[in-house]
Amino acid sequence: MLDLKFIRENAGAVKHAVEVKGVPIDIDELLRLDRELVDLKQRVEAMQAERNANAKLVPKATPEERPTLIQRGKDLSEEIKALDPALRAHEDNLRQLLLRVPNIPHASVPVGKDDNDNVELRREGQLPAFEFTPRDQVDLLEGQGWSDFERVARVSGSRSYLLKGEGALLEMAVQMFAMSFLAGRGFTPLSTTALVRPETLVNSGHFPGDEESVYKLGDDELMLAGTAEVPVNSLYAGEQLSADQLPMAFSAISGAFRREAGSAGRDVRGLIRVHEFRKVEQYVICRADEQEGLKWFETLLGNAEAILQALELPYRVVQNCTGDMGAGKVLMYDIETWVPSEQKYRETHSCSYLGDWQARRTGLRYRDETGKLVYAHTLNNTGIATPRILVPLLENHQQADGTIRVPEALRPYLGGKAVLGQP
Ligand SMILES: Nc1ncnc2c1ncn2[C@@H]1O[C@H](COS(=O)(=O)NC(=O)[C@@H](N)CO)[C@@H](O)[C@H]1O
């Protein structure tokens, strides 16, 4: 959410963001509502001032004048009360619109419509050259008896998964590696729930807009978040932090639930796109300073790249264009990891800087050095998301006999094993 004062004074820049991000909102309508609300509030304040002035006259009035003055006071109170519903309705309409106003993209963001217009920044790591016909993720998993997609589909329907034996241990090893790696870089480990109150999804910016992606628990006032970004963003909602409490850097592991309503037919095989997965999320709350925010952006990106390098996986970094970055982002890079069976890089990480757009809707503020209350800046990036990352991991490290070579960094989490599976 942007500051209303900023929108009034920078309507052109906000309209440009609306256009290049393809957000369906009418800024002129918002500004008209804003002016109407200001007028209404001024009318009420004038009436309250008149009522107060009138009330002061009563004690000094003569017995003849008093009844008229008292009646005048009552009439004014009635008129003010009668305006209350209109005032509330106006404030609510304006807030609903404000929640949809997109953030201003950083000057470096390429203008574009969708992910086809994202810009590749660089590639890292050597693509594998196999002396044998490589298998895809499903063949590798089923060949080792590490999954049973048919059986779990009977229990949970499509886009479900179940890992067995060393396949299950590999998933947990990757999670532990990422959590330990980030703890080693000073990130506070969190293990958090995905069960959240609806307002936390408004705070994070997922609502309004992403309602169809979220599982709602009918009988309870709770929903299942698609990323630990949601609960962590609201941990300090409404609080006034002190400057010395910032920056806060978390690595939060949680379940992540997504309906994938818009993904019909895509990635229906295997581990790429499932309804429930587990993610280690990097989340930072820092001071309201763009230079510091951009430094943290590089740090979060660097952490994810270091994790992929430790897993010995080739990847590329792309900058998301305005049409593929979402309303709240100032800056966003995806990391895409090489999937041999698709001969394509597939998104495995998503790094975002949101300025104070998320903090404003979350009520996340701190008292800066001058004692002023300001909204913090927030950032997030994937640390690792399983089981998706297992697809490039298994496929890039497969051996001719269908076993999997374990990257050095993972061995301590797998009892020192250098190879998983049976030939
Ligand atoms: N349906 C899914 N199944 C498996 N993995 C998924 C699914 N949706 C997303 N992911 C993984 O989660 C990562 C982050 O998801 S994201 O929506 O792009 N971004 C976020 O959630 C941010 N909070 C940064 O993590 C993706 O890059 C991908 O690796």
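Indexing begins at 1, ligand by ligand and atom by atom, following the structure's order.
- Of the charged side-chain nitrogens involved, none lies within less than 4.0 Å of a carboxylate oxygen, so that Asp324 and Lys113 do not count as a salt-bridged pair.
- Relative to the ring axis of Trp357, Arg360 does not place its NZ or CZ within 45° and under 6.0 Å from the centre.
- Ion pair Arg154/Glu150 not flagged as a salt bridge, since none of the NZ, NE, NH1 or NH2 atoms sits closer than 4.0 Å to an Asp/Glu carboxylate oxygen.
- Residues that satisfy the ring pair (Phe, Tyr, Trp, His ring centres under 6.0 Å) test with Tyr333, not counting sequence neighbours, are Phe297.
- Partners of Ala178 by side chain to side chain contact (heavy atoms under 4.5 Å, CB included), not counting sequence neighbours, listed by chain and number: Val280, Ile307, Ile384.
- Near ligand 1, residues Thr227, Glu229, Arg258, Glu260, Ile272, Arg273, Val274, Phe277, Lys279, Glu281, Glu347, Thr348, His349, Ser350, Asn380, Asn381, Thr382, Ala385, Arg388 each place a heavy atom inside the 4.0 Å sphere around the ligand atoms.
- Scanning for side chain to side chain contact (heavy atoms under 4.5 Å, CB included) contacts around Gln291 gives Asp289, Leu294, with sequence neighbours left out.
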